[in-house]
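Reading through the structure tokens given below for one structure.
All chains are named by letter (A, B, ...) in the order of the sequence lines, taking the proteins before the strands, and each is independently numbered beginning at 1.
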Amino acid sequence: MGDTGTKRPNSGDSEDSRKKAKMGGARLEDRADSGAGYNPYLAHMNDGNANGDGSSDPFAGFEKRNTTAAQAEKVEDRDTNPFTGRPHSAKYFGILEGRRDLPVHKQRQEFLDKYHSTQILVFVGETGSGKTTQIPQYVVYDELPQLDGKLVACTQPRRVAAMSVASRVADEMDVRLGEEVGYSIRFEDMTSQNTILKYMTDGMLLREAMHDHDMSRYSCIILDEAHERTLATDILMALLKDVARRRPDLKIVIMSATLDAQKFQRYFNDAPLLAVPGRTHPVEIFYTAEPERDYVEAAIRTVLQIHASEPEGDILLFLTGEEEIEDACRKIAAESEEMAREMDSGPLVVYPLYGTLPPHQQQKIFDKAPAPFRKGGKPGRKCIIATNIAETSLTIDGIVYVVDPGFSKQKIYNPRSRVESLLVSPISKASAQQRAGRAGRTKPGKCFRLYTEKAFKKELIEQTYPEVLRSNLANTVLELKKLGVEDLVHFDFMDPPAPETMMRALEELNYLACLDDEGALTTLGSLASEFPLDPALAVMLISSPEFYCSNEMLSITALLSVPQIFMRPANNRKRADEMKAHFSHPDGDHLTLLNAYHAFKGQQNDPMGDEKSWCHQHFLSLRHLNSADNVRSQLKRIMESRGLELVSTPFEDKNYYTNIRRALLAGFFMQVAKKSGSGKSYTTIKDNQVVKLHPSTVLKTDFEWVVYNEFVLTSHQYVRTCTGIKPEWLLEIAPNYYDLETFDAGEVRSALVRAAEKRRRAEAKKRS
DNA sequence: GAGCACTGC
């Protein structure tokens, strides 16, 4: 003890509490001026002259759910803010003018009429219509949530969108973000007692619904970007359809960008529809005459042709993944230099764009296109090579040319093998339209589709399959049970998943003891659903106090919930592998992750340490380690609130690592593989898939049995993040799953029988 | 001897 060995666990929680204090501080200050006795939107009532324009109540004459656009606009035009009673800021009326210029503004009255006529409304607005910012405000002026305390909520599929839209709308309403207008996302609740309009992620609303099945805090719920059909949106739609029956006072608006609105209308019992035009420029579509054999090569050629012969304007090319993108970036950059020399073309800068790119590099795509090489020379342009991230999450102005090879990586789930994998697949017509639309945001544009018109019409499906049809639903089923859904077979999904997928999920949850044999939620299942984790991880964490290592399992769970912390840059792989070897534990990758995390925490605690350069030097991702820390504190709070003990085996104890390896099995006993024959391959237990240990593993092949975190299907079938285990642990920790009666005769069964005998002998010896 | 499309609690 007492030295600074990198493998020493960090038993204190000083970081957690320090960080908490730092995060909470700012928000407390924000709220300080709106303490319990002061209600800012009633301020005008206390002082009749505060408005400066005569009347004491700006909403005098308003009747909830029976207002007009003219009434609302009159209030918006006042000199004082109707919600805070404060005079409007200098910029308010400028912003208001811009809002009145949006396409959706012309239909404000029409929206209100439809809204009044129905409980559920489907609203279709194309990009640039202003629906995400305006519709919730129109609803606020009609629901008057400041009077009855019931909120208006607007959900978004992504955190950044929830934050940035809330911030924009707070500006538009001239209030402070977090007061009347706020947002709520994981790790950050930016709302207060005064909040009347709340933007939130769809997952966050789902979490709230687990404890409030009727969503009783809200008078109106607006689901935005419903066409994206995320898992959370699909579940929310089904829940809301049901809640709407129980709560006639609840209003629901489904907002979508596609023309597939009829499907939403039909699903919501023929709900009325309102459509608002967008504000985009025409985009001319070009197809290839013949199918392309190599779409990457064709894409590069097309980009260079545009650069050589088309007028000024930036280019957006869609490819499928990091490697493809980086490769294409290099090739295009090299070719364009040659073009500049030989044909006197303008400069071309190429930017990659994908999700795992660090934020400061993602920001570069917003840089201006380069200036001509010389005064009066041909204009420069930028070319962005992006994944699907540019189709939904990020919009880039100034794009005039889109190159669309027609592919993207998509998640697929095979319930038979229980494997989720990523596969390069043709996109849908809706995706192709979305991609083309990216060319017409600032002026008329062109889209070059690298497939034939016939292929577009005949081969592409209309819509990308919703996530619910492409995922393992174990987590979803657990959530639904917690949400009080008893009959999953007849649960009203907009697109019902395959029965086999549901069966697999129920089976998995039953093995994990989250559901009993009747399919009812158990105490363990109810506890597991409290954690923002997959069921296996949650069960592992909940069981970990029994293995005297819940502190360590908290860290491992957090590390498994964030992207890979070990970085391996293409130009420095060897060095990165050498640095990773410093943390390597011979018994497995989970332990190696833990070692790296402990070393990181040691570095953070060291007053002389510089975590940034230390991470850089050790090829560890500081960003991902920090987010693991964040996840860890969230999980820790949940553990504490549920009375789950935080314990560790002393590091000096010879069972320190053994306890952790055993604890892994409490959740992952279904993800075990046994070495087959003499070679390097392994076979998964029960479904008998032949797999290899992923090359990133620290394990030398000296373990007969391994537990693995995930199954990945790429050029081979791999199991990734593996730790060595002993078969007798399986019999002890998961006796139901490893009931010898259920195994066919064979290598696995005989090995388990031998383990059982070994275990009996050991116990007999212990007794005598 | 690989590669994490993209989200979310």
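Using a 4.0 Å heavy-atom cutoff across all strands shown, A:T230 reaches no nucleic acid atom at all. Using a 4.0 Å heavy-atom criterion, one finds that A:K692 contacts no nucleic acid atom at all. When heavy atoms are screened at a 4.0 angstrom cut-off, A:L422 is found touching base atoms of the nucleic acid. When heavy atoms are screened at a 4.0 angstrom cut-off, A:R229 is found touching no nucleic acid atom at all.
For the 3.5 Å distance criterion, the side chains of A:S696 and A:R720 fail to qualify, holding no donor opposite an acceptor.
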In residues 325-333 of chain A, what donor-acceptor pairs under 3.5 Å come from side-chain atoms, sequence neighbours left out?
unit_1 : atom_1 : unit_2 : atom_2 : d
A:E326 : OE2    : A:Y354 : OH     : 2.5
A:D327 : OD2    : A:K331 : NZ     : 3.2

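Not one side-chain nitrogen or oxygen of A:Y354 sits closer than 4.0 Å to the OP1 or OP2 atom of B:dC4. A close approach under 4.0 Å does occur between a side-chain nitrogen or oxygen of A:R159 and OP1 or OP2 of B:dC9. Regarding contacts with the backbone of B:dC9, a side-chain N or O of A:T201 is found under 4.0 angstrom from either OP1 or OP2. Side-chain N/O atoms of A:R568 include none lying less than 4.0 angstrom from OP1 or OP2 on B:dC4.
Mapped onto DNA chain B by nearest heavy atom, A:E479 and A:T356 fall at different nucleotides, with A:T356 at the one closer to the 5' end.
In this view, A:F407 and A:Y295 satisfy the ring pair (Phe, Tyr, Trp, His ring centres under 6.0 Å) rule, not counting sequence neighbours.
Between A:E462 and A:K263 there is no salt bridge, since no side-chain nitrogen of the basic residue lies less than 4.0 Å from a carboxylate oxygen of the acidic one.
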